[in-house]
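Please read the structure below before turning to the comments.
The sequence lines fix the lettering, A, B, ..., with proteins before strands; numbering per chain opens at 1.
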Number of protein chains: 2
Amino acid sequence: MKNNIRVERAIKNLTQEELANKVSVSRQTINAMEANKYVPSTVLALKIAKVFNKPVEAIFLLEKSD
Amino acid sequence: MKNNIRVERAIKNLTQEELANKVSVSRQTINAMEANKYVPSTVLALKIAKVFNKPVEAIFLLEKSD
DNA sequence: ACAAAATGTAAAAAATACTTGACATTAAGT
DNA sequence: ACTTAATGTCAAGTATTTTTTACATTTTGT
């Protein structure tokens, strides 16, 4: 699974830490997600999508391998 | 987090097992999700939304407790 | 009423998400 | 060049998701 968090974060001009605070996770969690180290839970995906005012599908993209 | 899987499944007339096969998880995973026993991964949420042709947000709903 | 299909549930194990803390590297501003 | 903010990364630990197996209950069709 791919994600556009870094891009969306740039658009909104947010640091990893600021985003982390907004969605109540650690900064490392955001960092690891951007580095595609793991797939977040749906709760977290919904919260992030909400911060960016976009549907989940616009930020998190399924790949063939999923 | 709430979800409308049972309703969407009824609309599409799918059994838990059929849905489970479509998204490559066990029947118990679908059952437990419907029973709100746990929150699925984003990959699973995306796949389920795709089966139902709806955005993730239409099927999985954040609650205050999230 | 009976049989078969669908659903509920539970426990143990495996896999993965997420935290905390700590330190190293890079980028930005003065 | 210096300082600070931002990001990268790692390791160990906790929490949660998901699988498997197995059996009980409910629903559906005949």
Please lay out, stage by stage, how T29(B) and Y38(B) fare under the test side-chain contact (heavy atoms from CB on, under 4.5 Å).
-> CA-CA 9 Å; T29(B) 295; Y38(B) 62 77; 2.9 Å; yes
Rounded distance (Å) that lies between atom P of dT17(D) and atom CZ of F60(B) = 12 Å
May I ask you to say whether R9(A) pairs ionically with E34(A), meaning some side-chain N is under 4.0 Å from a carboxylate O?
-> yes
Expressed in angstrom and rounded to an integer, what is the separation of I5(A) atom CD1 from dG8(D) atom P?
-> 12 Å
Calculate the interatomic distance between M33(B) atom CE and dT16(D) atom C1'; express it in whole Å.
-> 14 Å
Straight-line distance of F52(B) CZ to I59(B) CD1, nearest 0.5 Å = 6.0 Å
Reading DNA chain C 5' to 3', which nucleotide is the first, and which the last, to come under 4.0 Å of any heavy atom in chain A?
-> dA17(C) to dA22(C)
Hey, could you give me the CD/CD distance between E57(B) and E57(A), rounded to the nearest 0.5 Å?
-> 6.0 Å
OP1 or OP2 of dT18(D) less than 4.0 angstrom from a side-chain nitrogen or oxygen of S41(B), does that happen here?
-> yes
Contact residues, residues 48-59 of chain B to DNA chain D [heavy atom, < 4.0 Å] = none
Using a cut-off of strictly less than 4.0 Å between a heavy atom of the residue and any atom of DNA chain D, enumerate the qualifying residues of residues 8-31 of chain A by number.
-> R9(A), T15(A), Q16(A), R27(A), Q28(A), N31(A)
Heavy-atom pair with the smallest gap, counting every atom of P55(A) and A49(A) = C-CB, 4.1 Å
For K37(A) and dC10(D), give me the distance from atom NZ to atom C1', rounded to whole Å.
-> 8 Å
Verify, without hydrogens or angle tests, whether T42(A) (side chain) and P40(B) (backbone) share a donor-acceptor contact under 3.5 angstrom.
-> yes
Side chain of S41(B), backbone of S41(A): donor and acceptor closer than 3.5 Å?
-> no
Specify the separation, in whole Å, of atom OH of Y38(A) and atom P of dA15(D).
-> 16 Å
For the pair D66(A) (side chain) and E63(A) (backbone), establish whether a donor and an acceptor sit closer than 3.5 Å, ignoring hydrogens and angles.
-> yes
